[in-house]
Amino acid sequence: MNNQLSRSFYQNDIHSIAVDLLGCRLVRYIGKDSFLIGRIVETEAYKQKNDPASHSYKGKTKRNEVMFGEPGHLYVYFTYGMHFCCNVVCGPAGQGDAILIRALEPLEGIDEMMKRRFGQLSNKKAQYHNLTNGPAKLCKAFGIGRSENGLDLCGKNIWIEKETIYLSEQIGRSTRVGIKQGKEFPWRYYIKDNPWVSNTDKSVKIYEK
DNA sequence: CGTGAGATTTCCT
DNA sequence: GGAAATCTCACGT
């Protein structure tokens, strides 16, 4: 709680933030002194200007209006008829840039995450490594949906705490996942060799900070 | 392990 | 009307 990122963190350059978020803890308070906590291990940057893959590219609409609001808020979108994914709004207010959180390493509240993600099922798909290794999976595990859209990360429901990556870890960089336009931009960042990074790209480029 | 199709709704053209 | 910043299951190797 004392390391909670403040508004000014989110007003920086989007690529610096996407890198700095790696290793940080995403926290949700679920009552009774209980928390869901995951370490951010994969992010993607989306920009309003000249980035056709971004939801904000064509300007403000009802769906993406949170992206054009104040930084440090959560932009949650619904896609493929069934999934939610969450972003952190970044840059100066009104700019329309955001960072997609693509994967987490579960740290605390794991039983609660399991319950949200898999229900009461105890079959073999309910596995630890499958809990939060994708943008829609982590939203399910954290109970993030329509009603969390627009939520202020400088509040007391969901927030991010500052942490750095370990000395033994390297940052990988690649093109973004699952898009048709803007494919060429290497704006995906992840902690190399972390088991929870989504498995769709085997790029091995190392990002030098 | 890799590939392919289906699920299912919202938003914008 | 069609695509979408995805995931899961089934099936073939």
Side-chain angles (χ1 to χ4, degrees), chain A residues 10 14-15 17-19 21-22 26 38 40-69 71 73-91 95-106 113-151 153 172-190 195-203:
Chain A
Y10 300 105
I14 190 160
H15 295 291
I17 302 174
V19 171
L21 279 176
L22 295 174
L26 180 69
I40 298 173
V41 298
E42 181 179 357
T43 58
E44 279 180 4
Y46 288 88
K47 299 175 63 161
Q48 194 278 322
K49 281 195 174 32
N50 306 316
D51 180 9
S54 174
H55 289 171
S56 57
Y57 179 60
K58 291 178 179 169
K60 190 166 160 180
T61 64
K62 191 169 182 182
R63 180 202 201 194
N64 66 20
E65 62 181 354
V66 173
M67 281 186 86
F68 289 91
H73 288 246
L74 207 58
Y75 165 53
V76 181
Y77 68 88
F78 182 73
T79 191
Y80 295 109
M82 37 172 48
H83 298 301
F84 292 98
C85 300
C86 70
N87 298 245
V88 178
V89 178
C90 291
Q95 183 156 288
D97 294 353
I99 293 165
L100 173 67
I101 300 179
R102 285 196 57 89
L104 298 174
E105 173 182 343
M113 291 186 206
M114 287 275 187
K115 217 181 282 179
R116 284 166 174 72
R117 171 122 160 73
F118 303 114
Q120 300 302 333
L121 303 175
S122 59
N123 59 26
K124 59 182 176 186
K125 80 172 182 184
Q127 290 168 52
Y128 191 31
H129 76 267
N130 192 27
L131 188 55
T132 51
N133 61 341
K137 296 178 186 179
L138 71 91
C139 280
K140 194 99 196 284
F142 269 64
I144 294 174
R146 216 177 303 278
S147 50
E148 281 70 27
N149 187 33
L151 211 142
L153 295 171
R173 182 179 199 184
S174 78
T175 52
R176 295 172 293 180
V177 175
I179 52 173
K180 292 238 159 49
Q181 298 173 298
K183 279 179 173 173
E184 64 278 17
F185 302 130
W187 292 349
R188 171 174 178 253
Y189 305 92
Y190 55 94
W196 280 272
V197 171
S198 63
N199 207 14
T200 21
D201 190 324
K202 303 253 162 72
S203 168

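Naming convention: chains lettered A, B, ... in sequence-line order (proteins, then strands); numbering from 1 in each chain. The structure presented is a predicted model; accordingly, all values stated were derived computationally and were not measured.
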*Asks:* Does A/Y77 contact C/dA5 through a side-chain donor or acceptor facing the base, at a distance under 3.5 Å?
*Replies:* yes
*Asks:* Could you list the residues that satisfy ring-ring contact (aromatic ring centres under 6.0 Å, His included) with A/F142, not counting sequence neighbours?
*Replies:* none
*Asks:* When rounded to the nearest 0.5 angstrom, what distance separates NZ in A/K47 from CH2 in A/W187?
*Replies:* 5.0 Å
*Asks:* Of all of residues 136-145 of chain A, which get a heavy atom below 4.0 angstrom from DNA chain C, listed by number?
*Replies:* A/A136, A/K137
*Asks:* Please, what dot-bracket string fits DNA chain C when only Watson-Crick and G-U pairs with both distances under 3.5 Å count, crossing ones use [ ] and pairs to another strand use |?
*Replies:* ||||.|||||||.
*Asks:* Could you list the residues that satisfy side-chain contact (heavy atoms from CB on, under 4.5 Å) with A/A136, not counting sequence neighbours?
*Replies:* A/H83, A/C85
*Asks:* Calculate, to the nearest 0.5 Å, the distance between atoms NZ and OG1 belonging to A/K140 and A/T132 respectively.
*Replies:* 13.5 Å
*Asks:* Distances under 3.5 Å only, N/O to N/O: pair up the protein atoms with those of nucleotides 3-5 of chain B.
*Replies:*
none

*Asks:* Once the angle between the rings of A/Y75 and A/H55 is folded into 0 to 90°, is it parallel (under 30°), tilted (30 to 60°) or perpendicular (over 60°)?
*Replies:* perpendicular
*Asks:* Work out which heavy atom in A/V89 is nearest to a heavy atom in A/G69; give both atom names and the distance.
*Replies:* CG1-O, 4.1 Å
*Asks:* Does the side chain of A/E148 reach to within under 4.5 Å of the side chain of A/C86, using non-hydrogen atoms?
*Replies:* no
*Asks:* Between A/H55 and C/dA5, is there a contact of a side-chain N or O with OP1 or OP2 at under 4.0 Å?
*Replies:* yes
*Asks:* Ring centres within less than 5.5 Å and planes less than 30° apart: is that true of A/Y46 and C/dA5 in this structure?
*Replies:* yes
*Asks:* Which value, in whole Å, describes the distance between the P atoms of nucleotides C/dA5 and B/dT3?
*Replies:* 22 Å
*Asks:* Find every protein N or O atom lying less than 3.5 Å from an N or O atom of nucleotides 10-13 of chain B, and list the pairs.
*Replies:*
from	atom 1	to	atom 2	distance (Å)
B/dC12	OP1	A/T61	OG1	2.3

*Asks:* Would you say that A/S54 contacts A/M67 through its side chain, given a criterion of any heavy-atom pair below 4.5 Å between the two side chains?
*Replies:* yes
*Asks:* Consider the side chain of A/M82, meaning its heavy atoms from C-beta on, and name the nucleotide among C/dT8, B/dA7, C/dA5 that approaches it most closely.
*Replies:* B/dA7
*Asks:* Among C/dT6, C/dC7, C/dA5, which is the nearest nucleotide to the side chain of A/N87?
*Replies:* C/dA5
*Asks:* Considering all heavy atoms of both residues, which atom of A/V197 and which atom of A/R188 are nearest to each other, and what is their separation?
*Replies:* CG1-NH2, 3.6 Å
*Asks:* Of the non-hydrogen atoms in A/A141 and A/R116, which two are nearest, and what is the gap between them?
*Replies:* O-CD, 3.1 Å
*Asks:* Specify the residue among A/K180 and A/P135 whose closest nucleotide of DNA chain C lies further upstream toward the 5′ end.
*Replies:* A/K180
*Asks:* Identify the two heavy atoms, one from A/T43 and one from A/A18, that lie closest to each other, and give their separation to 0.1 Å.
*Replies:* OG1-O, 3.0 Å
*Asks:* What do you reckon, are the aromatic ring centroids of A/Y190 and A/W196 less than 6.0 Å apart?
*Replies:* no
